[in-house]
Amino acid sequence: MSVAAAVSLYLASGGLASIVGAASTVTALGIVMGLIGTDLVLLMVLLAARIPFIDHVIGQDVAMGWHRRLGKPALYLLLAHGALVTIGYAMSDTTNVVAETIMFWATPDLVLAYLAMVLFVAIVVTSIVAVRRKFPYEVWHVIHLLSYAAVFLALPHQLSIGAVLAEGTAQRAYWIALYVSAFGAIVWFRFLTPTIRSLRHGIHVESVEAIAAGVVSIHLRGRDLDRLQTVGGQYAIWRFWARGVWWHAHPISFSAVPTRSSARITVRQLGKGSAQLAMLQPGTAVSVEGPYGIFTDRARTSSRIAIIAAGIGITPVRTLLEHSQPAPGEAIVLLRGTDESQRYLWHEVQALAARSSTIVYSMVGQRPAGLDTWMSAEALARGVTLRNVFPEILNSDLYVCGPQRWADLVIRDAKAEGLRDEQIHVERFDW
C-alpha cells in the first residue's frame, strides 16, 4: 500500500508530464525504482522495530523473515535507480555515463548517496546465509546496524536533488512522515520502552544452575515481574550487563512463567555469546525487551492441542503448558531428543502434564542416515506416524519448537496429514 501511495504521488505531482522523450523516460523509471526501493527499506525498518501490534498479529520470527526477504529486492531497486538516473541524465546532457558520474560526485549530497549504496550492498551481502556464517556474530551485527546510517545518508539527496520531493509538496510531507514513523518506532520500541521497563523492574541474576552438559537455567529476581504480562510460550530479548556480554542481546524463551519477583530462562550454549552466560555472577543487572511471540494459547483455533518439541525447544513448551493448563485429554505432548543428555526440563513438563492428565510421549535416538525425517530410526522401524501419536491431529492445533530444519520436516509431515497453515504454530530458535 505504501509503495502504491509513493508511486501515485509521484505520478500525480507531475511525474507523467515530465516524460517527453527517451532521456526523461529513463530518468523517470529510475526515480520510480528509487521510490519503491526506499519505501521497501523503510518497511524493513518497521518490521525490525519490534512493534507490539506486528508481533501480536504475525509474530517476530515471521516479521524478521519478511525483513530478510525484502533485502535483495530493495537493493536491486536502489541499484537500478542509480544506474537509470545516471543513464537518463547522461542522455539528456549528451554525454557518457562515466562523465555524468564524475559530475555527480561533485555534488556533496550525491556522494553521501553513493556511500549509502555501498553500505546497503555490504549489509545485504553479509546477510546471505552462506556469507553470514563466515562472520562472527559480533561483526555481522555491527555491519547490520549500519543500515540505519545508510538510510540517513541517502536522505539528503532525496530532499535536495531535483524537484521530485520539492519543498512544500505532498510528496515531501509523505516521505518525511514515513521516515519519522519508521525511525520513531525504532527509537520508541527498541530503545526507550525497554530502558523504561528495565529500570522499572530492576531485574538481576539471582543464580545460574547447570541442568545438563552445555545447558544452564538463569534464575532472575526483580520487582513486579508479573506486570510484564508474559504469556506461556513467549520469549524476551535479554541483555546482561557483565563484561564480555553486555553488548550482545539474546532472544531467549522464558522457561517458567514469571511470578511477581522471579523469572527463569534456560539457555543452551550454542556459541561464544551464549556460553559466556553460564559464567554470569549473582547480582548482574539485566535489561529486558519484550515479551514477544505468538507461540501461545491465544493462537489456538481448536479445542485440542498437539505439541512437539526438540532440544532446547522444550522451554516455550514448558511455559505453554504451565500457563494454558489444558483440561484432561485436551493436549498430547511429544518430546524429541537425539540422546538421553537432551532431556532438558522433561521432568518438569511431565510433572505439569500429570496435573491435567496430559499424555506425554518421548522419542530419543538418532535420525536414520540418508532419510529426510524428524523421527528417530527406532520410531520409524516401529511404524510411528503423527497419526499414531496424535489420533485427533486433524482437529488439533500443532505447536512445534526446535531447530529450523527439524521443525520444517515436522511441518511437512503435518501438512501431508491434512493440517492447514492456521493450525500450525512454530517457534524457531535460529531466525
Side-chain angles (χ1 to χ4, degrees), residues 54-69 129 232-235 251 253 268 270 292-321 324 326 330-338 342 344 349 358-377 379-380 383-431:
I54 294 177
D55 180 65
H56 293 161
V57 173
I58 62 173
Q60 197 60 36
D61 57 341
V62 174
M64 292 308 296
W66 290 356
H67 170 90
R68 287 193 298 270
R69 285 193 289 273
V129 174
Q234 290 188 306
Y235 68 95
S253 293
R268 184 180 178 189
L270 296 174
Y292 301 117
I294 56 174
F295 190 82
T296 69
D297 192 60
R298 295 172 179 171
R300 287 175 61 177
T301 63
S302 309
S303 60
R304 297 176 180 274
I305 54 176
I307 302 173
I308 307 177
I312 201 62
I314 190 68
T315 52
V317 164
R318 188 222 176 272
T319 56
L320 176 65
L321 285 174
S324 62
E330 186 176 285
I332 298 177
V333 181
L334 174 59
L335 304 179
R336 178 76 171 92
T338 301
Q342 293 188 357
Y344 319 134
V349 169
T358 294
I359 299 172
V360 179
Y361 296 108
S362 62
M363 183 185 294
V364 179
Q366 297 281 346
R367 288 185 273 180
L371 287 181
D372 210 16
T373 180
W374 58 274
M375 294 194 214
S376 67
L380 282 177
V384 174
T385 66
L386 278 177
R387 192 70 69 98
N388 297 151
V389 180
F390 307 102
E392 297 291 333
I393 191 166
L394 292 181
N395 301 314
S396 303
D397 279 272
L398 175 64
Y399 289 79
V400 183
C401 191
Q404 180 172 343
R405 177 57 184 155
W406 175 89
D408 288 342
L409 293 172
V410 178
I411 295 168
R412 178 202 65 187
D413 288 359
K415 290 185 175 181
E417 290 286 352
L419 265 73
R420 305 180 307 276
D421 287 341
E422 58 267 26
Q423 291 177 271
I424 302 172
H425 315 286
V426 186
E427 185 71 277
R428 304 190 190 278
F429 283 88
D430 41 14
W431 54 265

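Quick note: residue numbers are just sequence positions, from 1.
Heavy-atom minimum distance, I54 versus A63: CG2-CB, 3.9 Å. Nearest heavy atom pair, residue I332 against residue P391, reads CD1-CD, 4.1 Å. The two residues D297 and L320 have their closest heavy-atom pair at N-CD1, 3.5 Å. Nearest heavy-atom pair, Y292 versus D55, reported as atom, atom and distance to 0.1 Å: CA-OD2, 3.4 Å. When all heavy atoms are compared, the tightest approach of L419 to S396 is CD2-O, 4.4 Å. In terms of heavy atoms, A331 sits closest to T358 at O-CG2, 3.2 Å.
To the nearest 0.5 angstrom, S324 atom OG is 7.5 Å from E330 atom CD. Atom-to-atom distance recorded for T385:OG1 and D413:CG is 9.0 Å, nearest 0.5 angstrom. Of the inter-residue distances, the one linking T301 atom OG1 with N395 atom CG reads 10.0 Å to the nearest 0.5 angstrom. We find the CD1-CG distance between I393 and L386 to be 4.5 Å, quoted to the nearest 0.5 Å. Between atom CZ of residue F295 and atom SG of residue C401 there is a gap of 5.0 Å, rounded to the nearest 0.5 Å. Note that OH of Y399 and CD1 of I307 are 7.5 Å apart. Values are rounded to the nearest 0.5 Å.
Using a 4.5 Å cut-off on side-chain heavy atoms (C-beta onward), P368 and L380 make contact. Looking only at side-chain heavy atoms (C-beta outward), I308 and V389 stay at 4.5 Å or farther from each other. In this structure the side chain of Q342 never reaches within 4.5 angstrom of the side chain of I314, judged on heavy atoms.
Atom CZ of R298 has 12 or fewer heavy atoms from other residues, nucleotides or ligands within 6.0 Å.
Side chain of R412 to main chain of A407: no donor-acceptor pair is present (N/O by atom type, distance under 3.5 Å, no hydrogens or angles). No donor-acceptor pair closer than 3.5 Å links the side chain of S376 to the backbone N or O of Q366. With W374 contributing its side chain and W406 its backbone, the two residues share no donor-acceptor pair below 3.5 Å. Judged purely by atom type and a 3.5 angstrom limit, Q234 uses its side chain to pair as donor or acceptor with the backbone of G293. A distance-only check finds a donor-acceptor pair linking the side chain of T373 to the backbone of M375 [under 3.5 Å].
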Verdict with reasoning, I294 to Q60, per side-chain contact (heavy atoms from CB on, under 4.5 Å)
CA-CA 8 Å; I294 56 174; Q60 197 60 36; over 6 Å; no
Given the rule in the side-chain contact (heavy atoms from CB on, under 4.5 Å) test, do F390 and L334 qualify, once you have shown the distances and angles that lead to the verdict?
CA-CA 9 Å; F390 307 102; L334 174 59; 3.9 Å; yes
Please lay out, stage by stage, how M363 and V384 fare under the test side-chain contact (heavy atoms from CB on, under 4.5 Å).
CA-CA 10 Å; M363 183 185 294; V384 174; 4.2 Å; yes
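In summary, of the residues considered (H425, R304, Q423), a side chain to side chain donor-acceptor pair (under 3.5 Å) with D397 occurs for H425 alone.
Using a 4.0 Å cut-off between a side-chain N of Lys or Arg and a carboxylate O of Asp or Glu, D408 and R405 do not qualify as a salt bridge. Electrostatic pairing of D372 and R367 does not count as a salt bridge here, judged by no charged N lying under 4.0 Å from a carboxylate O.
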